[in-house]
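Structure first, commentary second.
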Amino acid sequence: MTTVTVRGLGKTYADGTEALRGVDVHADEGEIVALLGGSGCGKTTLLRLVAGLDVASTGTISLGGEVVSGTHPAVSAVFQEPRLLPWLSVGDNIGFGGRRLAKAERQARVDGLLARIGLPGAGGRWPRELSGGQQQRVAIARALIGHPGVLLLDEPFSALDTFTRGTLHDLVLSLWRELRPTIVMVTHDIEEAVVLADRIVVMKPHPGRVQEIMQVDLPRPRDRLAPQFDLMKRNVLRAINRSLAETARPRGGEGGVPAWI
Amino acid sequence: MKLPGWVVGLLIPAALGVCWELAVRYGVAPGRLMPPPSRLAQTAWTLTLSGELWSHVAATMWRVAIGFLIGAAAGTLFGMLCGASAWAMRLLDPSIQAVRAVPSLAWVPLFILWLGIFETSKLALIALGVFFPVYLGLLTAIQSVDRKLIEVGRIFGLSRWGIALRITWPAVMPAWIAALRSGVGLGFMFVVAAELMGASEGLGYLLLDGQQMGRADSILVAMIVFALLGKVCDGFIVAVTRPVLRWQDTHRVQL
């Protein structure tokens, strides 16, 4: 029900740092778009602008064709850290995302989501009693309880180990199939982008700009071991290399493929 | 040897008490200015039976309670105000910090001149002493609330007021309670000062009276009762607030 359209978006901070310049990105209804790039390419800045947590210096953000500013009831988010409220129980934390719902409906959704995220009966526990991965599941449930039109993911899996990350990818995908929010996600992990996204926006740094946008035409569920999957990963890697080569040339030095790839 | 912790903690005071008791009993030490435990118990018992101790305790507790309520309420109010509004902070905080720079006891002569020698000046002094730790503790806590949790409130559509109520307030609760506890401690400190500057009843009066009458035993009894009251009040705050701090990892509060 909600498209996300970003036009000519730029952000210069008060200290003069230009984090983002002239970014155009579009996400169709129910589409998963991944913003991919290294640090300094403005991908988190872009997400924060869409979330309404920061104000853009130039350009517009539209939801469903309507230009918006500030936070919006249709937009929900999961951050890099779980950011659960430590004084609320796990169940109340999930319910926090659905404050607009009637009490009975909210409780029913909390119970349903607790089961979906593999923590049935954990509603009365404290966040601190859960592991990092479990806390992040709760944060995902909190973000989805209100059935948002747009879900923003700011590297929510980056602090988790490989195994936990894989199961959380599956969780997000299964909830996405059910609720169909438009997802805009930030990641620096190529494999994660290829597993989850319909489209990958490769970004380049200083200031953050769009390098290129790549369609991921792999059938779902995606098989990480399939040759096409590898091919897609390599294509994305090439795009990143191109962006690094272009940004490195005028500045001299520090070219080539960095170690994290 | 396995002894419970509180027994171990009692070993040194008990040993000292027994030694002193024996020293006085066998004439090794005089005991007039340092009365042995048995004399203290006797004095406490006499003061309790005559109802005198109770009236002193009641007077002191009444002063601490009223002074604490005024000081804590004002400290909380100004702390919230300066924490919520940068403008209020710029306007009020410098003046409050300037007043804080004056050692609170230095107000005594002025309070007596302005408010008289009776209850009002005492309450003002106690309230002033309680105000600063509460104000400062709450303000610091509000300023250090995790911005990331505030953002959660914004994402899920809370208003400014909603964020204050549902994010900031619960987040600063532990620090506020800690501030109230140090406020109570200062309340007792200042009630002693207030009662020493002239009172006809109260534990501070008992102290002064003991000094003038050369009764070290009633001084010591008053001191012990002060310690007990302080402990009880602190324990009361801890007990009352325990339910709201249940979520804290480190809530194992030391009494």
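We name chains A, B, ... by the order of the sequence lines, and we start the count at 1 in each one.
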Comparing A:Pro86, A:Gly52, A:Ala139 against chain B, the one with the most heavy-atom pairs below 4.5 Å turns out to be A:Pro86
Under 4.5 Å to a heavy atom of chain B? For A:Arg142 that would be both
Per-residue tally against chain A (heavy atom, under 4.5 Å) across B:Asp146, B:Val152, B:Val244 peaks at B:Val152
Handout entry: Contact check, side chains of A:Leu130 and A:Leu119, non-hydrogen atoms, under 4.5 Å
Key = yes
Self-check item: N-O pairing of B:Glu195 and B:Lys122 below 4.0 Å
Solution: no
Turns out that what part of A:Leu152 lies under 4.5 Å from chain B's heavy atoms comes down to neither
Worksheet entry | Steps toward side-chain contact (heavy atoms from CB on, under 4.5 Å) verdict (A:Leu85, B:Trp247) | CA-CA 10 Å; A:Leu85 304 178; B:Trp247 56 273; over 6 Å; no
Turns out that what part of A:Phe96 lies under 4.5 Å from chain B's heavy atoms comes down to both
Note to self: side-chain contact (heavy atoms from CB on, under 4.5 Å) for A:Trp87 and B:Ile167? Distances and angles first, verdict last.
What the structure shows: CA-CA 9 Å; A:Trp87 52 84; B:Ile167 309 263; 4.2 Å; yes
Would you kindly check if the NZ (Lys) or CZ (Arg) of B:Arg166 is within the cone defined by 45 degrees around the ring axis of B:Trp169 and under 6.0 Å from the six-membered ring centre?
no
Of A:His72, A:Glu81, A:Arg48, A:Arg99, the largest count of non-hydrogen pairs under 4.5 angstrom with chain B goes to A:Arg99
